[in-house]
Protein chains: 2
Amino acid sequence: MSAGRPLNNWQAVHEEVLRRIHTREWRPGQIIPGEADLAGEFGCARTTVNRALRALADAGWLDRRRKAGTRVALNPMQKATLAIPVARHEIEARGQRYGYRLLERRMSPPPPELGERLDLRPETDMLHAEAVHLADDTPHLFEDRWINVEAVPDVLDAPLATMSANEWLVINASLTRGDISFGAVNATEREARILGAKPGEALFTVERTTFERTRPITWVRLVFAPGYRMHTRI
Amino acid sequence: MSAGRPLNNWQAVHEEVLRRIHTREWRPGQIIPGEADLAGEFGCARTTVNRALRALADAGWLDRRRKAGTRVALNPMQKATLAIPVARHEIEARGQRYGYRLLERRMSPPPPELGERLDLRPETDMLHAEAVHLADDTPHLFEDRWINVEAVPDVLDAPLATMSANEWLVINASLTRGDISFGAVNATEREARILGAKPGEALFTVERTTFERTRPITWVRLVFAPGYRMHTRI
DNA sequence: CAGTGGTCTAGACCACCAG
DNA sequence: TGGTGGTCTAGACCACTGC
């Protein structure tokens with residue numbers, strides 16, 4: 001069934017396969033022809049078909065299993081690649097002026113819950129930094145950060161007044177793993193004051209714990225100004 | 001510099017390169033050797049190196065540009081692949097019993113804001129369905145959905161009392177694009193009653209608009225029970 | 001303009017696992 | 001156990017883009 005002009009690049013194959021899925025020529029759950037067959041039909045090497053189908057599987061449109069073959073995914077909308085907001089970039093991308101103010105910086109024992117979660121010895125002091133990120137002088141994001149100084153002692157000399165802890169850590173620490181979670185909190189009195197919100201107002205939060213191997217480096221909670229939404233597309 | 005045993009599969013190359021990034025042998029912003037060099041060092045084909053480096057670039061660890069070469073990314077934590085929660089799977093994965101109750105189902109003109117956002121003609125009725133998803137009989141998620149019946153007329157015959165609209169649409173409609181956003185809202189009186197929350201309590205929400213080509217099929221807002229967080233890892 | 005990554009090909013071998 | 005996807009190779013050509 002070698003039809004029209006050969007599809008001799010993987011993007012073209014990708015596009016054609018996606019078209020067949022979208023037009024329901026190939027329906028959810030249905031098995032599609034094997035790589036060799038498609039290569040024959042499209043007039044290209046099997047490697048090229050493989051590249052295209054692998055991309056579609058990564059994106060969630062196909063389910064592939066050896067021997068079982070390739071099927072159209074039942075629910076393509078359950079995978080998304082998300083751009084984790086980096087305050088400076090997000091603000092500058094909107095054409096606004098980025099600002100940063102350090103509100104607090106001091107050594108302190110972490111809240112017990114955090115100490116346990118990071119599996120630190122009790123009574124270990126951490127560096128606690130609080131800051132607010134501004135868009136055209138309007139508060140955008142409140143950052144509440146705890147840093148494990150035993151893991152990155154140099155951070156005590158970091159110029160946190162002018163440079164966000166994140167920027168310093170990215171350059172100076174070895175970050176191998178991150179656990180990230182998203183949720184909602186009611187603004188505390190203090191958060192409300194800092195972010196220009198009403199106390200109790202619902203705020204979007206991101207929490208991230210960053211590790212070097214298994215050693216915790218830092219825990220941070222980002223609390224966004226009211227109305228903030230994080231977007232993605234499939 | 002062809003050292004020990006050859007790394008003749010892309011996962012091994014992937015691992016070795018990631019190791020050099022993690023140990024800061026190759027530092028953020030630094031340029032790394034070209035594919036040909038690495039292939040020589042590792043004792044494998046350039047294609048294999050390419051596969052590994054491409055995966056690392058997709059994951060955000062490397063930045064690659066023709067002619068400019070490959071550099072260690074400055075901020076590897078800004079990309080994450082997210083598993084969009086599907087209520088049934090999420091609940092069953094926790095070993096709980098999944099339940100579903102349809103609360104409302106009727107034709108109605110959409111709120112003006114929604115009608116505009118979907119670019120529908122004024123006075124177009126939509127199918128409005130509200131449902132709650134239960135985990136062991138405890139409310140987990142409130143679903144507020146509007147469906148464009150002009151795009152999927154058959155949905156009027158869908159057994160929404162026993163099957164969630166999402167499951168029906170995935171099978172019966174052509175979904176080519178989705179816009180997704182995450183945020184926080186204060187529970188309304190009604191949401192609080194349904195979800196077992198206090199009025200005003202901060203709740204995590206996901207909103208998704210789904211399209212066939214450019215035609216809107218459905219808009220849905222998921223409001224999660226208090227304390228819910230969505231997780232991912234890098 | 002030249003060096004880098006991006007890709008295609010043809011052939012081959014292999015791991016996996018559904019039937 | 002045989003068919004399917006997963007991968008490697010060697011060689012080649014090309015597109016992009018920094019210098």
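As the structure is a prediction and not an experimental result, all values here were calculated from the model. Throughout, a chain's letter reflects where its sequence line sits, starting with A, and its residues are numbered from 1.
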Nearest-nucleotide pick for B/A45, side chain only, options being C/dC8, D/dA10, D/dG6: D/dA10
Candidates D/dT7, D/dT9, C/dT7 - which lies nearest the side chain of B/T48: D/dT9
Comparing B/N9 and A/E35 on DNA chain D - which has the more 5′ nearest nucleotide: A/E35
Considering non-hydrogen atoms only, spot the tightest contact between [X] and [Y] and give its length.
X	Y	answer
A/P216	A/A151	O-CB, 4.1 Å
A/G29	A/L74	N-CD2, 3.8 Å
B/A131	B/F142	O-CD1, 3.4 Å

Measure from [atom1] on [X] to [atom2] on [N] and round the result to the nearest Å.
X	N	atom1	atom2	answer
B/L38	C/dG5	CG	P	8 Å
A/L7	C/dC8	CG	P	11 Å
B/I31	D/dG18	CD1	P	12 Å
B/N8	D/dA10	CG	C1'	15 Å

Side-chain N or O of A/Q11 closer than 4.0 Å to phosphate OP1/OP2 of C/dT7: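 True: A/Q11 side-chain N/O within range (under 4.0 Å) of C/dT7 OP1/OP2.
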Below 4.0 Å: OP1/OP2 of D/dT7 and any side-chain N or O of A/T47: no
Test side-chain hydrogen bond (donor to acceptor under 3.5 Å, both in side chains) applied to A/Y98 and A/H140, A/H133, A/H89, A/E90, the passing residue: A/H133
Interface residues of residues 55-71 of chain A with DNA chain C (non-hydrogen, below 4.0 angstrom):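 DNA chain C contact set from residues 55-71 of chain A: A/R65, A/R66, A/K67, A/A68.
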Criterion side chain to side chain contact (heavy atoms under 4.5 Å, CB included) on B/V72 and B/W61, from CA distance to verdict: CA-CA 6 Å; B/V72 179; B/W61 290 106; over 6 Å; no
D/dT7 base / A/R54 side chain donor-acceptor hit below 3.5 Å: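 No, the side chain and the base share no sub-3.5 Å donor-acceptor pair.
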Sugar-phosphate, base or nothing in reach of B/N50, heavy atoms under 4.0 Å: base
Check ion pair B/D137-B/R97 (N to O, under 4.0 angstrom): yes
